[in-house]
Amino acid sequence: MAEFKSDFLRTLQERGFIHQISDEAGLDSLFAKETVTAYIGFDPTAPSLHAGSLIQIMMLHWLQATGHRAVSLMGGGTGMVGDPSFKEESRQLMTVDTIESNIASIKRVFSNYLTYGEGPKDALMINNAEWLRSLNYLEFLRDVGRHFSVNRMLSFDSVKTRLDREQSLSFLEFNYMILQAYDFVELAKRYDCRLQMGGSDQWGNIVNGIDLGHRMGTPQLFALTSPLLTTSSGAKMGKSASGAVWLNADLLSAYDFWQYWRNTEDADVSRFLKLYTTLPMDEIARLSALAGSEINEVKKIIATEVTAILHGREAAELAAETARKTFEEGGLSENLPSVAVPASELDAGIGLLSLIVRAGLAGSNGEARRHVQGGAVRINDQAISDERKVIGSGEVTADGVIKLSLGKKKHILIRPAA
């Protein structure tokens, strides 16, 4: 790969963000001589993005940090269709109300990574519903649809995969790539946006936008994709054994988020320091060279740095201290995640399996039973092997809580409530 002149591409290259660029020399030259506006689209399929989206958000962060204008595009229009890329079946269609609610919830995270405002280098939060929901279908077909070759669209890997497996691909989904391409053209016209970034699975969709822009008279547009990341063991980024690693604090606590990064695999330490923290490269080189027991200290640094960007330094350090007290001192920290249970229910007694599910440590009684049979469940640090055990107010400790543990790293405080 080329030696880049521009700070942005050089930063992305040395930190491992670059998979493909449509025209390396042209894009590097553009970044070196002017303030560039670039965007990444985010689909509002849930009330929160998860850790799998962090690589994209960090790309926008570095774009702004190197003096350029970042656009986080919310898919209020495209969300009504759903991106079919590499999905095995059609997405469930969402109502407009659900889409708007999800966007409002997702937006809360971005200001931790980007500075929004009216200045020339301030980030913009834009919703593609602005231009997509009011489109006239016949005009759109005539002005935009005529530039697309169905033969070429059928050749894209995301479409071919579905067709090769003989899985249905609806006409609605087939239109998604046209709408995404049109987004790029609209952003180019309205905001002088010259670059679209995304994961490597979006390459075909982004190149579509470049081609459409060329046919519709925009300046030259560019594509830049990041590698699709998995952990060294092959697990998908943003997914843990207990579900999605959400970015919104109301869906996943700062402590649980910290724990996810603390459990980074040894082989991923250097890569994750570069991608997910803002530590200087010389510091990352120093930390990456550590080995043996010191690597666990580096994982704590990763966890604290990543959590500090999202939840704030105070919350990150509190999570680190909570983990230290819980694991290293064997103590009980008041800052562990907690679940309130009416005192009257505890007086009457609650089945152990029901309590495990209620605390979010299992998705069903069957899963909870397997945890108990496997010896993974403890109450107040005492192993419990009886799946029929009833937990009551007698288990409430002098600290006024019941400590429910699954394995060595998941602890929930059960708090009696009035």
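Basis for what follows: all heavy atoms, side chains included, without hydrogens, waters or symmetry-related copies.
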Measure from the side-chain N and O atoms of N208 to the backbone N and O of A181, and report whether any donor-acceptor pair falls under 3.5 Å. no
Ion pair check, R190 and E130, cut-off under 4.0 Å: yes
Given side chains that start at C-beta, do those of T37 and L187 come closer than 4.5 Å, heavy atoms only? no
Gap separating the CD1 atom of I301 from the CG atom of L290, nearest 0.5 angstrom: 8.0 Å
Assess whether a salt bridge exists between R313 and E305, defined as any Lys/Arg side-chain N lying under 4.0 Å from an Asp/Glu carboxylate O. yes
Would E367 and R370 pass as an ion pair if we require N to O under 4.0 Å? no
Indicate yes or no: at least one non-hydrogen side-chain atom of F31 is less than 4.5 angstrom from one of K5. no
Please report the C-alpha distance between T11 and F17 in whole Å, then the side-chain angles of each, then the deciding distance to 0.1 Å, and finally whether the side chain to side chain contact (heavy atoms under 4.5 Å, CB included) criterion is met. CA-CA 9 Å; T11 299; F17 284 96; over 6 Å; no
Quick one: do R133 and E100 make a salt bridge, cutoff under 4.0 Å? yes
Set out, in order, the CA-CA distance, both residues' side-chain angles and the distance that settles side chain to side chain contact (heavy atoms under 4.5 Å, CB included) for H50 and M237, then state yes or no. CA-CA 9 Å; H50 60 64; M237 283 303 298; over 6 Å; no
Name the orientation class of the two ring planes belonging to W261 and Y276 (parallel below 30°, tilted from 30 to 60°, perpendicular beyond 60°). tilted
Pair N296-S293, side-chain donor/acceptor within less than 3.5 Å: no
Could you tell me if H19 and S226 have a donor-acceptor pair between their side chains, going purely by distance under 3.5 Å? no
Tabulate below the donor-acceptor pairs under 3.5 Å that side-chain atoms of residues 113-120 make, not counting sequence neighbours, or state none.
unit_1	atom_1	unit_2	atom_2	d
Y116	OH	S72	OG	2.7

Are T66 and D7 linked by a side-chain donor-acceptor pair shorter than 3.5 Å? no
Is there a donor-acceptor pair under 3.5 Å between the side chain of N112 and the backbone N or O of V109? yes
The single option from Y191, F184, F222 passing ring-ring contact (aromatic ring centres under 6.0 Å, His included) against Y39: F184
Do N102 and M94 make a side-chain contact, defined as non-hydrogen atoms from C-beta onward lying under 4.5 Å apart? yes
Can any side-chain N or O of S53 pair as donor or acceptor with the backbone N or O of L49 at less than 3.5 Å? no
In short, I384 meets L352 closest at the heavy-atom pair CG2-CD2, 3.5 Å
Which atoms form the tightest heavy-atom contact between A323 and Y255, and what is the distance? N-CE1, 3.9 Å
N/O donor-acceptor pair under 3.5 Å between D43 side chain and T45 backbone: no
Treating S22 as the side-chain partner and A223 as the backbone partner, does any N or O pair qualify as donor plus acceptor under 3.5 Å? yes
Going by the rule side-chain contact (heavy atoms from CB on, under 4.5 Å), which residues pair with K189 if we only count those two or more places apart in sequence or in a different chain? V185, M216
Are any non-hydrogen side-chain atoms of L275 and L54 less than 4.5 angstrom apart? no
Please report the closest heavy-atom contact between T231 and E265, naming both atoms and the distance. OG1-OE2, 3.2 Å
How many angstroms lie between atom CD1 of I350 and atom CZ of R358, to the nearest 0.5 angstrom? 5.0 Å
Heavy atoms of K274 and R15 approach each other most closely as O-NH1, 2.9 Å
So, for F140 and Y182, is the gap between ring centers shorter than 6.0 Å? yes
Short side-chain to backbone donor-acceptor contact, R369 and L353, under 3.5 Å: no
Note, W258 side chain near V306 side chain (heavy atom, < 4.5 Å): no
Drop me the distance from L63's CG to L195's CG, to the nearest 0.5 angstrom. 7.5 Å
Hey, are Q202 and N205 close enough side-chain-wise for a donor-acceptor pair under 3.5 Å? yes
In Å and rounded to the nearest 0.5 Å, what is the CG to CZ distance from L404 to R378? 9.5 Å
Atom CD1 in I412, atom CG in L406: separation rounded to 0.5 Å? 9.5 Å
Within the structure provided, determine whether L9 and L224 are in side-chain contact (heavy-atom separation under 4.5 Å). yes
Determine whether V269 and R271 satisfy the following criterion, side chain to side chain contact (heavy atoms under 4.5 Å, CB included), listing intermediate values before the conclusion. CA-CA 6 Å; V269 164; R271 190 167 55 136; over 6 Å; no
Please report the closest heavy-atom contact between V377 and I356, naming both atoms and the distance. CG2-CD1, 3.9 Å
Side-chain heavy atoms of M281 within contact of E14, under 4.5 Å: yes
Identify the heavy atoms of Y260 and A51 that sit nearest to each other, and give their distance. CE2-CB, 4.3 Å
Are a donor atom and an acceptor atom from the side chains of Q13 and E3 found within less than 3.5 Å of each other? no
Are Q196 and D183 close enough, and set up right, to give a side-chain hydrogen bond (donor to acceptor under 3.5 Å, both in side chains), and what steps lead you there? CA-CA 10 Å; Q196 183 183 354; D183 280 346; over 6 Å; no
Quick one about Q20 and S200 (side-chain donor to acceptor, distance below 3.5 Å, no hydrogens or angles considered), yes or no? no
Mind running side chain to side chain contact (heavy atoms under 4.5 Å, CB included) on H68 and K121 for me, showing each step along the way? CA-CA 6 Å; H68 301 278; K121 294 178 184 177; over 6 Å; no
Polar side chain donor-acceptor pair, T95 to T98, under 3.5 angstrom: yes
For the pair R69 (side chain) and Q64 (backbone), establish whether a donor and an acceptor sit closer than 3.5 Å, ignoring hydrogens and angles. no
Would you confirm whether T218, through its side chain, and G213, through its main-chain N or O, come within 3.5 Å as a donor-acceptor pair? yes
Check the pair K299 / D268 against salt bridge (Lys or Arg N to Asp or Glu O under 4.0 Å), numbers first and verdict last. CA-CA 10 Å; K299 291 178 184 180; D268 291 326; over 6 Å; no
Please, which pairs that meet salt bridge (Lys or Arg N to Asp or Glu O under 4.0 Å) have at least one residue in residues 50-64, sequence neighbours excluded? none
If I take atom CG from residue L228 and atom CG from residue D201, how far apart are they, to the nearest 0.5 angstrom? 4.5 Å
With no hydrogens and no angle check, do the side chains of N248 and S105 hold a donor and an acceptor under 3.5 Å apart? yes
Do side-chain atoms of D28 reach the backbone of F4 as a donor and acceptor pair under 3.5 angstrom? no
Are M74 and N128 close enough that some pair of their side-chain heavy atoms sits under 4.5 Å apart? no
